[in-house]
Amino acid sequence: MSGSAMNKGGSRSLDRLLPLVLLPVALIALGPVIRLLLEGIGFGDGITTDHLATVLGRPSTGTALMHSLVTAGGGTLLSILIGAAFAFLVALTDIRGKGALVFCLMIPMMIPPQITALAWMQMAGPSSTLLKLLGLAPPLGSPQPLHSPQGIILLLGIQHASLVFLTLRAGLRMIPADLVEAARMSGAGSLRVWAQIVLPLSMPSLIAGGAMAFVTALGNFGIPAMLGIPAQYDTLPTLIYQRLVGMGPSVLSEVAVLALLIGVVAIAGVLLARFVLSRQGYGLSGLSGQPLALSLGAARRPVEVVLWLFIFAILALPLLALLATSLLPAYGVALTFETASFEAWREALITQPVTRRAYANSLFLALSAATILLMVSLPLAWLMERRASKLSRILDALIDLPYALPGVVLSIACILTFLNLPFTDLTLYGTIWIILMAYLARFFVVMLRPIQASIAQLDPAMEEAAASVGASLGRRLRDIVLPLAAPSAAAGAILVFLTAVNELTVSALLWSSGTETLGVVIYNLEDSGETVMASALAMSIVLLIVMLMGLVQAGAKRFPKGVIPWQS
């Protein structure tokens, strides 16, 4: 058989293979979202607005929606202030220690939100072990200041500042250095260059980062649950959680409407940002050949001190407070050298079966999600790049949806989809597999995009040359594509693992006895009054995350540029 005939036969095989790969991916990633939409509009009873009107007309829905807008909006503004300040100073000025600053700023985003809330609660309020050590604790009986809308806004702003920072820093790198240099030669000072050139050109990136922060804050469950529920301040995610936990699957139709409401608000925020962006485009393309470096002169050292003091305040102090609480023999006892104990650590990590099970579940889910997505994404990315079709382009446009939607929305969608599997009497609800399916849908795009970008840069001539001498499709993928795409694939797998191992927002509505994840156990321990054990478990997770981030940082030179978030 001639090489031409072999290539034609292989082409026809690929054309048949593509739908077989795309169909299950589309069902897993997009099926739950479609099922949620059908349930929300009452499709099973005929398309009607009666169900929507009943749920949306309740006072509790309007109140939770207003609370969500207030906290997400306030948190976004704070994220913009923090993220933009760091991005401008790190990307544009000559401050020292930029790598360490960026690494520390990324840690709050990697730490689960419920751990962030727990750490801050141990730093503030009358029961703060750290404040008691310093003699600064308020009198017993004083209210916890973080149990308030202001507390939720503060922590949401800190948690998501990294999103604004990453997006804005990427935009700042595209500003032409020669444009700034021309302004300098015309006599413009650093402040004028920033105000009249850098700030206007960076507004699209700033708006895009703000939109990401808003959507993420809107769907955040851990912080509003830890700080809002004790203050009876419900947001839409906590309202859904309380309704589902209190009433079970019987209220799925109701919470589906609430989940759709979150999705609509999130999409409206993204569309508004895109509308603003469409009117502010400046046509910048490619990276600047030379990074900007505005000199701070004598102000450099004071600016560095302020930045590190801020990092200490938002990161080190809360974690020190969390560590101090984890060393108490019992909550409320003063911490001294004589009373300090690792009993809570032993109880949480060794004795208690629920915490051991949660560690095993979280590691299993994170590792399984990373492995499965890696195995699926490599051939899929290659097929979508080399055999692009209308079907693959549609999927490529929609694949971001499960990740862009708030986690609570995806959780309800997965419950509706997997509560009763079609054509069987089986259910995934209440099993660990429903959490895994949700993770696959949630993090699929995190794995796919780096691999897509890597394969898009590969020269097809190498594969065509191998095919011309008779190399099979499997061998071409194994010997040519896989080695060249491996660094991006490894980086994507690491990011999926890091994100999934500390996840709460999705699993909070999907867990049952025996399938608890680490985030769920921490929330339940704190909710039941086991604060010391919750602090010990939370601190162990923080150490695990920092260690994993450190390993990624140590191998950063082996990964392609851009796949590790905190790397330039």
Ignoring hydrogens and geometry beyond distance, is a side-chain donor-acceptor pair present between T339 and T336 at under 3.5 Å?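 The answer is yes; a qualifying pair exists.
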
Does any donor atom in the side chain of S507 or T517 lie under 3.5 Å from an acceptor atom in the other side chain?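 Yes, because at least one side-chain N or O of S507 sits under 3.5 Å from a partner of the opposite role on T517.
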
[X]: what forms a side-chain hydrogen bond (donor to acceptor under 3.5 Å, both in side chains) with it, not counting sequence neighbours?
X    : value
Y439 : E503
S142 : none
S326 : W345
S411 : none

Could you tabulate the donor-acceptor pairs under 3.5 Å formed by side-chain atoms of residues 528-545, not counting sequence neighbours?
from: S528; atom 1: OG; to: N524; atom 2: O; distance (Å): 3.0
from: S528; atom 1: OG; to: L525; atom 2: O; distance (Å): 3.1
from: T531; atom 1: OG1; to: E526; atom 2: OE1; distance (Å): 3.1
from: S535; atom 1: OG; to: T531; atom 2: O; distance (Å): 2.8
from: S540; atom 1: OG; to: Y359; atom 2: OH; distance (Å): 2.9
from: S540; atom 1: OG; to: L537; atom 2: O; distance (Å): 2.6

[X]: which residues meet the side chain to side chain contact (heavy atoms under 4.5 Å, CB included) condition with it, sequence neighbours left out?
X    : result
A72  : F214, A217, L218
I314 : W120, I158, F310
P143 : none
H67  : T63, Y233, T235

Please identify each residue that fulfils ring-ring contact (aromatic ring centres under 6.0 Å, His included) with F88, with sequence neighbours left out.
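By the ring-ring contact (aromatic ring centres under 6.0 Å, His included) rule, F88 matches W194.
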
What distance separates L118 CG from I111 CD1, expressed to the nearest 0.5 Å?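 Reported to 0.5 Å precision, the distance equals 11.5 Å.
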
- Verify side chain to side chain contact (heavy atoms under 4.5 Å, CB included) between M226 and H147, making sure each step is shown before the conclusion. CA-CA 8 Å; M226 298 282 277; H147 288 169; over 6 Å; no

- For R346, all residues meeting salt bridge (charged side-chain N to carboxylate O under 4.0 Å, His left out), sequence neighbours excluded: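 For R346 the salt bridge (charged side-chain N to carboxylate O under 4.0 Å, His left out) partners, ignoring immediate neighbours, are E343.
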
Is a side-chain N or O of K98 found less than 3.5 angstrom from the main chain of T93, in a donor-acceptor match?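 Answer holds: yes.
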
Next on the checklist: Check whether D234 reaches the backbone of L236 with its side chain - one donor and one acceptor, N or O, closer than 3.5 Å.
Outcome noted: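 Pair absent, no side-chain N/O of D234 close to backbone of L236.
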
